[in-house]
Amino acid sequence: MPKRTTHTYSSEDAVRDGADSDLFVYYCKHCSSHVLITGTQLQKMPKRKTDKAYALDKQKHLARLNTTEGGKVLLKRGEGKLEKQYRMNCVGCGLFVCYRAEEDVEHASLLYVVDGALSTIAAETNPQDAPVPPCISQLEGGLVQVAIEVEDRAQRVNADDVRVTVAAPAARGEANSELLEFMGKVEDLTARQVYEKLLEAVQP
């Protein structure tokens with residue numbers, strides 16, 4: 001399994017300036033069908049240790065779903081422990097995208113979103129036509145902040161993070177130096193310009 005670390009980068013190491021009142025629309029990564037509208041970014045939500053699903057608290061955040069019922073599933077979690085999941089599928093392709101612990105969706109306090117199932121970009125097949133993803137944010141003073149996930153086997157740009165391949169070893173800060181050198185190529189640009197430059201950088 002590849003090792004992963006997640007970093008948030010900005011030219012001034014600035015704090016994200018996001019409003020909780022913003023609405024985020026999430027789409028199925030497989031077919032781009034609309035699945036979820038929420039008042040927060042999924043990447044800010046805690047993740048379960050068991051399956052890395054995002055835990056969205058419906059008592060704190062808006063959660064409007066466009067899904068079909070996928071039925072009840074019992075999973076074995078450790079010795080003598082069973083977990084009950086009421087699954088919800090994408091209306092477009094039928095893929096499993098989220099689940100809850102209670103049968104009644106209206107009374108379920110937590111919604112669990114499957115890791116990697118959704119994206120805020122509907123047109124991932126042609127990302128040049130899509131809006132700038134929330135992982136690339138424009139801050140005050142002309143600063144641009146980018147959420148980066150470093151991995152040793154893949155690179156891509158999607159809604160939640162920019163995934164960058166780093167060849168240098170993690171020891172002695174060499175991987176960090178390589179990452180900073182890569183990000184140095186997109187300094188003094190707007191969020192849109194950063195997005196387009198990064199898209200060019202990850203093209204095969």
Side-chain angles (χ1 to χ4, degrees), residues 1-8 16 18 20-125 133-135 147-166 170:
M1 294 293 292
K3 294 182 179 180
R4 298 181 182 180
T5 56
T6 301
H7 303 269
T8 299
R16 179 181 292 272
D20 290 337
S21 59
D22 291 341
L23 292 180
F24 297 90
V25 182
Y26 284 87
Y27 304 88
C28 173
K29 278 192 175 181
H30 180 68
C31 72
S32 294
S33 293
H34 158 232
V35 173
L36 171 68
I37 297 177
T38 183
T40 187
Q41 293 181 9
L42 289 180
Q43 69 185 62
K44 293 183 177 180
M45 297 296 97
K47 301 181 77 171
R48 298 190 67 194
K49 293 181 179 180
T50 53
D51 59 6
K52 307 302 181 183
Y54 292 100
L56 180 62
D57 190 338
K58 293 170 58 183
Q59 296 179 342
K60 296 180 180 179
H61 305 287
L62 173 71
R64 293 179 181 172
L65 290 163
N66 182 35
T67 57
T68 59
E69 290 296 313
K72 181 176 70 174
V73 175
L74 291 176
L75 299 177
K76 187 175 181 181
R77 299 290 194 195
E79 187 175 351
K81 295 181 179 180
L82 289 177
E83 177 181 315
K84 187 184 300 182
Q85 292 184 359
Y86 292 92
R87 296 188 168 184
M88 291 167 276
N89 299 335
C90 170
V91 296
C93 61
L95 287 181
F96 166 45
V97 291
C98 52
Y99 62 92
R100 61 190 186 274
E102 293 82 10
E103 183 174 7
D104 189 340
V105 64
E106 297 299 328
H107 291 89
S109 59
L110 291 174
L111 175 70
Y112 299 99
V113 179
V114 176
D115 185 28
L118 305 182
S119 171
T120 53
I121 300 178
E124 285 197 309
T125 54
C135 67
I148 300 174
E149 181 172 315
V150 181
E151 187 174 319
D152 61 357
R153 296 183 186 177
Q155 57 186 25
R156 55 117 172 98
V157 179
N158 80 352
D160 299 325
D161 54 53
V162 177
R163 185 168 296 176
V164 180
T165 298
V166 177

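Between L56 and T40 the shortest side-chain heavy-atom distance falls below 4.5 Å. Within the 4.5 Å cutoff, side-chain heavy atoms of V25 are placed close to those of I37. Side chains of Y26 and Q41 form a contact here, defined as non-hydrogen atoms less than 4.5 Å apart.
Annotation: the span from Q43 atom CD to Y54 atom OH amounts to 7.0 Å, rounded to 0.5 Å. A distance of 8.5 Å separates OH of Y27 from OG1 of T120, quoted to the nearest 0.5 Å. Atom-to-atom distance recorded for L75:CG and L82:CG is 8.5 Å, nearest 0.5 angstrom.
In this structure, T38 contributes its side chain and L62 its backbone to a donor-acceptor pair below 3.5 Å.
Partners of K49 by side-chain contact (heavy atoms from CB on, under 4.5 Å), not counting sequence neighbours: none found. Every residue two or more places apart in sequence or in another chain that forms a side-chain contact (heavy atoms from CB on, under 4.5 Å) with L65 is listed here: L36, T67, M88, C98, V105, L111.
Nearest heavy atoms, K29 versus G116: CD-O, 3.2 Å. Between A63 and K58, the shortest heavy-atom distance links the atoms CB-CG, 4.0 Å. Across all non-hydrogen atoms, the minimal contact from A55 to Y112 is CB-CE2, 3.8 Å. For the residue pair S33 and G92, the shortest heavy atom distance occurs at OG-CA, 3.3 Å. Scanning all heavy atoms of the two residues, the minimum distance from D115 to K47 falls at OD1-NZ, 3.4 Å.
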- Task: With side chain to side chain contact (heavy atoms under 4.5 Å, CB included) as the test, would you mind laying out the steps for T68 and V91 before giving the verdict?
- Result: CA-CA 6 Å; T68 59; V91 296; 3.7 Å; yes
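For residues 89-111, the pairs satisfying side chain to side chain donor-acceptor pair (under 3.5 Å) are R48-Y99, D51-Y99, E69-R100, D104-H107, with sequence neighbours left out.
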